[in-house]
Amino acid sequence: MNLFDITGRVVVITGGTGVLGSCIARHLASEGAKVVILGRRADEGNAIVSDIKEAGGEAMFLTTDVLNADILQKNCDDILAAYGRIDALLNAAGGNMPGATIAPTGTFFDLDIAQFERVLNVNLTGTVLPTQIFLRPMVEAGRGAIVNFSSMAAFRPLTRVLGYAAAKAGISNFTAYLATEVAKKFTAGIRVNAIAPGFFLTNQNRTLLTNPDGSLTERGADVIRQTPFGRFGSPEELCGTIQYLISDASLFVTGTVAVVDGGFNAFSM
């Protein structure tokens, strides 16, 4: 018996057109999952679906807005019409905004409250709301798995990223809360966990961590110095942990935050 087998499982991924989400989608499809990519960019989403299908996998793309309950419910209805169930939800949507950060030359008083609230909404509410929608068919089926996306910023107050860190800390807390809530009030057949990636180069942080010639910025060098493995992670290195958390290999695992960070959070000096 292969505890990690996910053949035929219907996996919904919000933020599925991002660097990390799309890599995870391709991997899970290659392992036999039926992947539903939710995102705002239809061109990119459909291109990812085409790649997956050309490789022999099964996938579909639906345009969404993680802050709009009506759109999310329509997504859910369409998925159920196509596949009849939802086995796993990966809440990978999120992001940051300049006004929700504090520049090295700035102070706390420079924080843009409107952008701070936007970052909280996109990351935290953008995790809670899709969970409300896609959890319901799992409850009705009596089984399922939810994986939220936390961050290193949830463990320690990293400089600059005030809004993002607050949102990700909230996601870790929400993960523990919901794991207990679901198990106590509905069924122990549904697990709720989170993954906390270390530093992976994405479209959002690439210019913050690297220069145009590929060399490290000052902040990028600080990250590598703090990471015992001495490098950034590659998106593929998240896939094994994700597969574990949605497979039967983790049937007794809930309320946890799995760290995939090359030792970043363990290092102290």
Side-chain angles (χ1 to χ4, degrees), residues 3-4 6 9-15 20-21 24 28 33 36 38 64 66-67 69 72-73 75-76 79-80 85-94 117 119-158 163-198 238-261 265-266:
L3 292 175
F4 297 90
I6 57 171
R9 299 201 180 181
V10 180
V11 183
V12 178
I13 308 175
T14 71
L20 302 184
I24 292 166
L28 297 180
V36 182
L38 301 184
T64 200
V66 294
L67 297 177
L72 288 166
Q73 186 60 59
N75 295 151
C76 185
I79 295 165
L80 294 176
R85 68 184 194 278
I86 294 172
D87 298 306
L89 168 66
L90 310 184
N91 282 308
E117 291 175 342
V119 169
L120 286 180
N121 282 334
V122 169
N123 290 278
L124 182 52
T125 307
T127 292
V128 174
L129 187 54
T131 300
Q132 269 194 321
I133 302 297
F134 296 110
L135 173 63
R136 191 173 297 277
M138 295 184 193
V139 170
E140 293 171 353
R143 62 170 292 144
I146 296 171
V147 181
N148 299 321
F149 275 59
S150 184
S151 167
M152 288 297 100
F155 291 92
R156 58 182 71 195
L158 302 180
Y164 184 80
K168 291 300 186 178
I171 288 173
S172 292
N173 186 278
F174 169 67
T175 298
Y177 164 81
L178 190 65
T180 301
E181 182 81 356
V182 169
K184 292 282 190 180
K185 295 184 179 178
F186 299 117
T187 174
I190 298 173
R191 295 112 56 212
V192 184
N193 293 289
I195 188 169
L238 291 175
C239 295
T241 301
I242 292 289
Q243 184 167 341
Y244 161 71
L245 289 173
I246 67 172
S247 73
D248 288 352
S250 61
L251 284 180
F252 200 55
V253 179
T254 198
T256 66
V257 179
V259 173
V260 185
D261 68 344
N265 196 50

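Bear in mind the structure is a predicted one, so any value in this text is a computation, not a measurement. All residue numbers in this chain count up from 1 along the given sequence.
For the atom pair CG (Leu178) and CG (Asn173), the distance works out to 11.0 Å, reported to the nearest 0.5 Å. Of the inter-residue distances, the one linking Gln132 atom CD with Thr127 atom OG1 reads 12.0 Å to the nearest 0.5 angstrom. Here the CG atom belonging to Leu89 is positioned 5.5 Å from the CD1 atom belonging to Ile146, to the nearest 0.5 angstrom. Atom CZ of Phe134 and atom CG of Asp87 lie 13.5 Å apart (nearest 0.5 Å). Within the model, atoms CD1 of Ile133 and CD of Gln73 stand 4.5 Å from one another, a figure rounded to the nearest 0.5 Å. Atom CG of Leu158 is separated from atom OG of Ser151 by 6.5 Å, given to the nearest 0.5 angstrom.
Pairs engaging residues 166-193 under the salt bridge (charged side-chain N to carboxylate O under 4.0 Å, His left out) rule: Glu181-Lys185 [sequence neighbours left out].
Take Thr125 and apply the side chain to side chain contact (heavy atoms under 4.5 Å, CB included) test, not counting sequence neighbours, and it matches Leu67, Asn121. Qualifying salt bridge (charged side-chain N to carboxylate O under 4.0 Å, His left out) partners for Arg136, counting only residues two or more places apart in sequence or in other chains: none. In this structure, the side chain to side chain contact (heavy atoms under 4.5 Å, CB included) partners of Val128, at least two apart in sequence or on a different chain, are Leu124, Phe174. Residues passing the salt bridge (charged side-chain N to carboxylate O under 4.0 Å, His left out) test with Asp261: none are found, sequence neighbours excluded. Evaluation of the side chain to side chain contact (heavy atoms under 4.5 Å, CB included) rule for Ala179 yields Val192, Thr254 as partners, not counting sequence neighbours.
Using a 4.5 Å heavy-atom cutoff, the side chains of Leu38 and Ile13 are not in contact. Using a 4.5 Å cut-off on side-chain heavy atoms (C-beta onward), Leu238 and Pro197 make contact. Looking only at side-chain heavy atoms (C-beta outward), Val257 and Phe155 come within less than 4.5 Å of each other.
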Legend entry - Evaluation steps, side-chain contact (heavy atoms from CB on, under 4.5 Å), between Leu90 and Ile24: CA-CA 10 Å; Leu90 310 184; Ile24 292 166; 3.8 Å; yes
Inset, instruction - Check the pair Phe149 / Ile171 against side-chain contact (heavy atoms from CB on, under 4.5 Å), numbers first and verdict last. - result: CA-CA 7 Å; Phe149 275 59; Ile171 288 173; over 6 Å; no
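The two residues Gly189 and Thr187 have their closest heavy-atom pair at N-OG1, 2.9 Å. Contact record, Pro137 with Ile86: CG-CD1, 4.0 Å, taken as the closest heavy-atom pair. Looking at every heavy atom in both residues, Ala33 comes nearest to Val11 through CB-CG2, 4.0 Å. Closest approach of Leu120 to Gly163, counting heavy atoms only: CD2-O, 3.9 Å.
Checking side-chain atoms of Thr256 against main-chain N and O of Ala258 turns up no donor-acceptor pair under 3.5 Å. Although no hydrogens or angles enter the test, the distance criterion places a donor-acceptor pair under 3.5 Å between the side chain of Arg9 and the main chain of Ile246. In this structure, Thr14 contributes its side chain and Ala92 its backbone to a donor-acceptor pair below 3.5 Å. Checked by atom type and distance alone, the side chain of Thr64 never pairs as donor or acceptor with a backbone atom of Val66 at under 3.5 Å. With hydrogens and angles ignored, the 3.5 Å screen pairs no side-chain donor or acceptor of Gln243 with any backbone N or O of Ile6. Side-chain atoms of Asn148 do not come within 3.5 Å of backbone N or O of Asn91 as any donor-acceptor pair.
In this model, no donor atom of one side chain and acceptor atom of the other lie less than 3.5 Å apart for Asn193 and Ser250.
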